[in-house]
Amino acid sequence: MAATIQDAIMLLGDSITQGGFENNGFAARLANAYVRKMDVVNRGYSGYNTDWIIPVFEQCFAMQHEQQHVPKVRILTIWFGANDAALHPSPQHVPLARYKSNLARLIRTVRSPDSPRYSPDTRVILLTPPPVDPKRWELTLEETAAGDKQGLFQRKFEVTRQYAEAARVVGAHEGVPVVDVWTRIWDAAGRDIERLGEFLYDGLHLNEKGYAVVYDALISTIAEKYPECHYDNLPRSVIE
């Protein structure tokens with residue numbers, strides 16, 4: 001087992017986070033930017049929503065009495081909504097009000113002094129889901145072996161927008177910065193749904209260009225809100 005000599009950035013999310021090391025994704029870029037300064041721990045779970053992630057997060061984030069024995073999580077990103085916004089009756093669907101409540105619960109798990117996982121040194125950043133291209137996503141589903149005959153994986157552009165707005169509201173209420181991925185991608189696409197394919201390889205998941213937008217926005221947020229955690233302001237864990 002490797003000894004603990006560096007603090008960590010933990011990325012909590014769904015498949016968009018899980019794929020963050022692929023295609024020069026945002027996790028890979030973070031690992032490169034923070035090499036010899038902080039480790040990047042990917043806790044992305046494909047298919048997950050905010051209902052399902054809560055018990056998992058309680059397993060992978062150390063309790064207070066354990067934290068002295070494990071790497072300190074200096075930055076925690078929380079990125080959900082793409083699956084929560086699946087249309088009812090999808091098993092992935094989480095009603096908007098509960099989605100907001102779940103996000104707040106995840107944030108308070110590390111920020112509330114009453115939480116057994118309270119971590120005052122952890123800086124939390126919330127990310128909104130990106131926009132969805134429903135036509136391209138429907139085509140992707142049709143190309144799979146089984147398809148989506150029961151409509152369990154359908155998405156709508158406007159519904160996902162509502163979940164992105166809800167994430168922004170939660171961030172403001174909980175006092176944590178929000179990377180507005182939805183608006184960043186939408187603006188980069190010229191607010192033209194036909195151009196979302198430049199950033200989403202299947203209508204839902206980000207390609208390299210989409211991840212680049214997210215990485216740049218995340219680094220800008222760290223620089224503005226948590227400058228002490230920016231890679232330029234951190235010493236190397238091992239001297240030259």
Step by step, would you call L200 with N207 a side chain to side chain contact (heavy atoms under 4.5 Å, CB included)? CA-CA 5 Å; L200 306 166; N207 59 19; over 6 Å; no
Carefully, step by step, assess I125 and I78 under the rule side chain to side chain contact (heavy atoms under 4.5 Å, CB included). CA-CA 6 Å; I125 300 175; I78 301 174; over 6 Å; no
Pair W79, V214 - check side chain to side chain contact (heavy atoms under 4.5 Å, CB included), show working. CA-CA 11 Å; W79 193 3; V214 174; 3.9 Å; yes
Start with the C-alpha gap between E228 and R123, add the side-chain angles, then the distance that decides, and say whether salt bridge (Lys or Arg N to Asp or Glu O under 4.0 Å) holds. CA-CA 10 Å; E228 71 279 8; R123 306 295 181 247; 3.2 Å; yes
Check step by step if side chain to side chain contact (heavy atoms under 4.5 Å, CB included) holds for R43 and M10. CA-CA 7 Å; R43 292 294 178 264; M10 180 179 286; 4.1 Å; yes
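With a 4.5 Å cut-off on side-chain heavy atoms, E165 and V169 count as touching. The side-chain heavy atoms of T122 and F61, taken from C-beta on, include a pair separated by under 4.5 Å. Side-chain contact between Q6 and P71 is absent, with no heavy-atom pair separated by less than 4.5 Å. Within the 4.5 Å cutoff, side-chain heavy atoms of R168 are placed close to those of D180. Counting only heavy atoms from C-beta outward, the side chains of V73 and I9 never approach each other to under 4.5 Å. Annotation: side chain of L206 is not in contact with side chain of Y201 (no heavy-atom distance under 4.5 Å). V170 places none of its side-chain heavy atoms less than 4.5 Å from the side chain of H173.
Under a 4.0 Å N-O distance rule, the pair D7/K72 does not qualify as a salt bridge. Between D202 and R136 there is no salt bridge, since no side-chain nitrogen of the basic residue lies less than 4.0 Å from a carboxylate oxygen of the acidic one. A salt bridge is absent between D121 and R74: the closest approach of a Lys/Arg side-chain nitrogen to an acidic carboxylate oxygen does not fall below 4.0 angstrom. With salt bridges taken as basic N to acidic carboxylate O contacts below 4.0 Å, one links R105 and E58.
With rounding to the nearest 0.5 Å, the separation of CD1 in I75 from CG in L30 is 8.0 Å. Separating the CG atom in D84 from the CG atom in L96 is a distance of 9.5 Å, to the nearest 0.5 Å. For the atom pair OG (S119) and CG (L76), the distance works out to 9.0 Å, reported to the nearest 0.5 Å. Taking OG1 of T77 as the start and CG of L12 as the end, the distance is 7.0 Å to the nearest 0.5 Å. Atom CD1 of I54 is separated from atom CD of Q59 by 13.0 Å, given to the nearest 0.5 angstrom. Atoms CH2 and CZ, on W137 and F153 in that order, are 8.0 Å from each other to the nearest 0.5 Å.
No side-chain donor-acceptor contact under 3.5 Å links R36 to the backbone of P235. Under the 3.5 Å distance criterion, the side-chain polar atoms of Y226 are left unmatched by any main-chain donor or acceptor of T221. Judged by distance alone, the side chain of D14 and the main-chain N or O of N49 form no donor-acceptor pair under 3.5 Å. Not one N or O on the side chain of Q64 forms a donor-acceptor pair closer than 3.5 Å with the backbone of R117. Remark: the backbone N or O of W186 is not paired with any side-chain donor or acceptor of R191 at under 3.5 angstrom. Using a distance-only test at 3.5 Å, with no hydrogens or angles considered, a donor-acceptor pair links the side chain of T128 to the main chain of V181. Side-chain atoms of H93 come within 3.5 Å of backbone atoms of A86 as a donor-acceptor pair (strictly under, hydrogens ignored). Not a single donor-acceptor pair under 3.5 Å links the side chain of R108 to the backbone N or O of Y118. Checking side-chain atoms of N83 against main-chain N and O of Q92 turns up no donor-acceptor pair under 3.5 Å.
In summary, the side chains of S112 and S115 do not present any donor paired with an acceptor at a separation below 3.5 Å, with no hydrogens or angles considered.
The two residues G197 and D133 come nearest to each other via the heavy atoms N-OD2, 4.5 Å. Between A62 and Q67, the shortest heavy-atom contact is O-NE2, 3.1 Å. Looking at every heavy atom in both residues, I16 comes nearest to A82 through CD1-CB, 3.9 Å. The shortest non-hydrogen separation linking A8 to V41 is CB-CG2, 4.0 Å. In terms of heavy atoms, V56 sits closest to W52 at CG2-O, 3.7 Å. Among all heavy-atom pairs drawn from H69 and H65, the shortest one is CD2-O, 4.0 Å.
By the side chain to side chain donor-acceptor pair (under 3.5 Å) test, T140 pairs with no residue at all, sequence neighbours left out. Taking R195 as the reference, E198 meet the side chain to side chain donor-acceptor pair (under 3.5 Å) condition, with sequence neighbours excluded.
When ring centroids are compared, F157 and W182 come within the 6.0 Å threshold.
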Between side-chain atoms of residues 18-28 and protein atoms elsewhere (two or more places apart, or another chain), which donor-acceptor pairs fall under 3.5 Å?
unit_1, atom_1, unit_2, atom_2, d
Q18, OE1, S46, N, 2.8
N24, ND2, E208, OE2, 3.3

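Annotation: cation-pi pair K37/Y231 absent, no NZ/CZ under 6.0 Å from the ring centroid and within 45° of its normal.
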